[in-house]
Asks: 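Before anything else, here's the structure in question.
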Amino acid sequence: MINMNRRTLMGATAGLAAVPSLSARAQAANTIKIGVLNDQSGPYRDIGGPNGVIMAQIAAQEFGNGRGFNVEVVGADHQNRPDVGANIARQWYDQGVDMILDVPTSSVGLAVNSVAREKNKVYINVGAATADLTGPQCSPNTAHWVYDTYMLAKSTGGAMVRAGGDSWFFVTADYAFGHALERDASAFVRANGGRVAGSVRYPFPATTDFSSYLLQAQASRAKVIGFANAGADTVNSIKQAAEFGITRRGTKLAALLMFIADVHALGLETAQGLVMTESYYWDLNDHMRALARRVQPRLNNRAMPNMLTAGNYSATLHYLKAIADMGVAASKVSGVEVMNRMKAMPVEDEAFGRGSIRADGRMMIPSYLFEVKTPAESRAPWDYLKLLQTTSADEAWRPLSEGGCPFIRT
Amino acid sequence: MDDIFGIPAPLLFGQVLLGLINGAFYALLSLGLAVIFGMLNVINFAHGAQFMMGAFAAWMLLSMGSNDTARLGLALLLLPTFVLLLEWGLSHVRLSVSVRRTIVIGLSALWLCTILLPLVPYLDVVMARSMDASGGGVLQWLFADGGPFARMLGVIFPNGLGYWWSLLLAPLLVGTTGILAERLLISPLYRLDHLYGLLLTFGVGLIIEGIFRNQYGSSGLPYRIPPELQGAWDLGFMYMPVYRGWVVVVAVVMCLATWLVIEKTKIGSYLRAATENPALVQAFGINVPRMMTLTYGAGVALAAFAGVLAAPIYSVNPQMGSNLIIIVFAVVVIGGMGSILGSVVTGFGLGIIEGLTKVFYPEASSTVIFVVMAIVLLARPAGLFGRA
């Protein structure tokens, strides 16, 4: 099973390396090329990475090549560095890639955003968290697909405050994403009548021991410790909080951004009882289950699709629908026009059900608040979450008027 | 509550204690580096990867019954042990060197093939087809499910081996990979400049890390604290997990033991003599190359030992070594390259300094060690305990 994935991945990289020959150039006019740009080798590899590329390929295959044009999916590693990401994006757009997809790590996501606008191409961000992509830095070429810091803060933060956690201490990764998440979560805590007791910003990515920050949080006597970090950092923070008996004295933990891969890495014994927000969970309803069952055998390490990889699937599908609708030739003229067509069409697929893209590029789908199951409640592998609350698409996201998006005239 | 410099005293005590715990890891890792550099004059940049391998070996030993990728990894890790045992066994038989070498290379290549061939793209399909054609048999036995060795492990240990076995076996397994690496890769570089050893081990470290990331992903694998060491003591000013206390005790014992072996035993005196004048020591009939090999193996085993200790605290992931190794190198440099006492004392000391920085100015906690390094190198270029 693993080998099959490796083969598809090799196909993807081989496609990337292929030098465009004359015949290929003739064909290019009738080919839509999608570039999946994400972390293939660092801390965020498991939440997107090669599986993100595979999910885009699956969407392209299921959409079918018999619609009068071909679809090609390529992948690359941005190493979590904005300069590397922007360079690959520029190169790709110049060499005929029509749409760039995924781009986790907020700093890289924002860098690619300006390249897409400059080249007037299509950019669908799935992996980055910062809500600035549809706020001050919004662009008519960009859509932001499955989640952002505002939605996470509202769902997880709001729920914790309502449950009585009215004083917070933040443990924050010291870079763009951590700052944005802390900012948005603090706003919700205060808006719900809570108080922020303090925060500590730790060096990213060089930190593996969080016990010192956890003790500081405990000393502040805040009722909730909010982790404004992601990936391996979140896993380590929670693991060490359990070790130091932080929760034993009634302090609650709020992992503001957590993926199902993180729960898998922690194990239910440690993760049980945590609340987290996602817009996709494989076992939430029939259509999400159907997608997960179909694609899981094709993913690396037999991972379940998560919010990000499912987002790559959904975004690819919707983009291709818009291309089929307006024709390949027309789509190559202007990225803004393609994006406008995507905004005019309703989004519908197995991953997220029905949704729509708002004028500022925000994809409007419900967000779900989950609690991690206890080991006793979990009946099967990857059976990790139970639904606590659903926030409707109208409620989940920052209102258009508050985003401060420059190109929206209100 | 008393305040010290505006920080509540209990918080400060807690941070000093935590600093000591982190210092224990720095000390253990820099100890291995100091031993290797002191004896071999090789700057072992693969140390972080070997630390990570130790943690992974613990995880593989624990889950070899239930996880086929763990079995596979373990079968690979066992290969160097197999090679060394075979070599040793054959050395008792009257055979010419070339025949012996051929046997060892042939058998280990077969071992490697049973593990790796089924992973090669396209080849797996061809093999599956030929297995169907021949109706299984030898091919099936050799190549299915990670080869006979991996399969055997799963059958013998359905529940895996726990933390205490890992503490013993993981350093041995990883240590033997170190021995093999020293024989095949590092020993040819002794006559050259330090820089070549550094570059080689740096590259090897990157390759190891990449392979593990490819196979096991980046988000880490769960490894729990053994039941005997779970729980915590309430010290009043903080909650002290039993396991962290254990880490400090073991680290101190290990450092002391290493120091004793090198400074107070006969083998230690040979080692120290060999670093001063290898030709003379060899003239006394002591096998210096073998001693160098074993020293490298021991240094690597120390790193793996620290890795097993770290597995229950940090998540077992491929980057866990590269995060630590830079700091550990700074520790070795500050302590004085090759000085065992220096690396142990600075390991603990810098752990405490770092811990205090996390309270007073957390943003600088990853840089403070390098500031200290710059100051020390300006005042004492050979390090605190080094001989100029």
Side-chain angles (χ1 to χ4, degrees), chain A residues 2-4 6-7 9-10 39-47 49-51 171 174 199-216 218-220 231-232 234-236 239-240 242-246 248-249 259 261-262 264-271 300-301 303, chain B residues 7-8 10-11 14-15 17-19 21-22 25 69 118-125 210 213-225 230-232 234 238-241 243-244 310 312-317 319-320 323-324 326-327 354-359 362-367:
Chain A
I2 295 169
N3 314 317
M4 201 154 89
R6 205 161 285 168
R7 205 169 310 136
L9 194 70
M10 288 207 355
D39 179 5
Q40 303 265 339
S41 59
Y44 301 150
R45 182 185 192 267
D46 278 10
I47 51 180
N51 283 343
V171 176
D174 196 9
S199 76
V200 57
R201 292 184 172 173
Y202 67 84
F204 175 87
T207 305
T208 45
D209 189 63
F210 292 87
S211 47
S212 165
Y213 309 118
L214 291 168
L215 285 201
Q216 290 182 44
Q218 202 177 25
S220 76
T234 310
V235 171
N236 271 334
K239 211 172 165 181
Q240 290 164 17
E243 200 194 339
F244 279 85
I246 301 287
R248 222 174 283 203
R249 294 181 182 173
F259 294 96
D262 300 329
H264 192 66
L266 275 167
L268 287 181
E269 195 67 46
T270 316
N300 278 336
N301 300 334
Chain B
I7 306 282
L11 184 56
Q15 297 300 340
L17 205 60
L18 287 177
I21 297 166
N22 283 338
F25 280 110
T69 51
L119 295 179
V120 177
Y122 301 106
L123 203 62
D124 54 340
V125 182
R213 190 183 295 128
N214 224 20
Q215 195 58 42
Y216 300 103
S218 63
S219 59
L221 302 158
Y223 193 92
R224 277 198 282 139
I225 296 174
Q230 271 170 9
D234 198 343
M238 72 174 282
Y239 231 65
M240 174 74 186
Y243 188 79
R244 300 253 175 168
I313 303 184
Y314 308 125
S315 70
V316 179
N317 69 53
Q319 303 94 289
M320 65 190 290
N323 286 337
L324 267 174
I326 304 292
I327 294 179
E354 194 193 45
L356 291 177
T357 319
K358 283 178 177 171
V359 189
E363 285 88 341
S365 60
S366 62
T367 22

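A note on names: the letters A, B, ... follow the listed sequences, proteins ahead of strands, and every chain is numbered from 1.
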Asks: Please state whether the side chain, the backbone, both or neither of A:Leu266 comes within less than 4.5 Å of a heavy atom of chain B.
Replies: backbone
Asks: Checking heavy atoms, do the side chain of A:Asp209, its backbone, both or neither come under 4.5 Å from chain B?
Replies: both
Asks: Can you say whether B:Leu221 sits under 4.5 Å from chain A via the side chain, the backbone, both, or neither, judging by heavy atoms?
Replies: backbone
Asks: Please state whether the side chain, the backbone, both or neither of A:Glu269 comes within less than 4.5 Å of a heavy atom of chain B.
Replies: side chain
Asks: Please report the interatomic distance OG(A:Ser211) to NZ(A:Lys239), rounded to the nearest 0.5 Å.
Replies: 13.5 Å
Asks: Between B:Met320 and B:Ala310, what is the shortest heavy-atom contact and its length?
Replies: CE-CB, 4.1 Å
Asks: Of all of A:Asp39, A:Thr208, A:Asp174, which one pairs up most often with chain B through heavy atoms under 4.5 Å apart?
Replies: A:Thr208
Asks: Which pair of non-hydrogen atoms, one from B:Ala232 and one from B:Pro241, has the smallest distance, and what is that distance?
Replies: CB-CA, 3.7 Å
Asks: Hey, which of A:Ser212, A:Ala265, A:Gly49 has the most heavy atom pairs under 4.5 Å with chain B?
Replies: A:Ser212
Asks: Can you list everything that forms a ring pair (Phe, Tyr, Trp, His ring centres under 6.0 Å) with A:Phe210? Sequence neighbours excluded, please.
Replies: A:Tyr202
Asks: Measure the CG-OH distance between B:Asn317 and B:Tyr216 for me, rounded to the nearest 0.5 Å.
Replies: 14.0 Å
Asks: Can you tell me if A:Tyr213 and A:Ser199 form a side-chain donor-acceptor pair at under 3.5 Å?
Replies: no
Asks: Counting heavy-atom pairs under 4.5 Å to chain A, which of B:Asn22, B:Val316, B:Ile21 comes out on top?
Replies: B:Asn22
Asks: Name the region of B:Glu363, side chain, backbone, both or neither, that has any atom closer than 4.5 Å to a heavy atom of chain A.
Replies: both
Asks: Strictly below 4.0 Å, N to O, side chains only: are A:Asp46 and B:Arg213 in salt-bridge contact?
Replies: no
Asks: Check whether B:Ile326 gets within reach of chain A through its side chain, its backbone, both or neither, counting any heavy atom under 4.5 Å.
Replies: neither
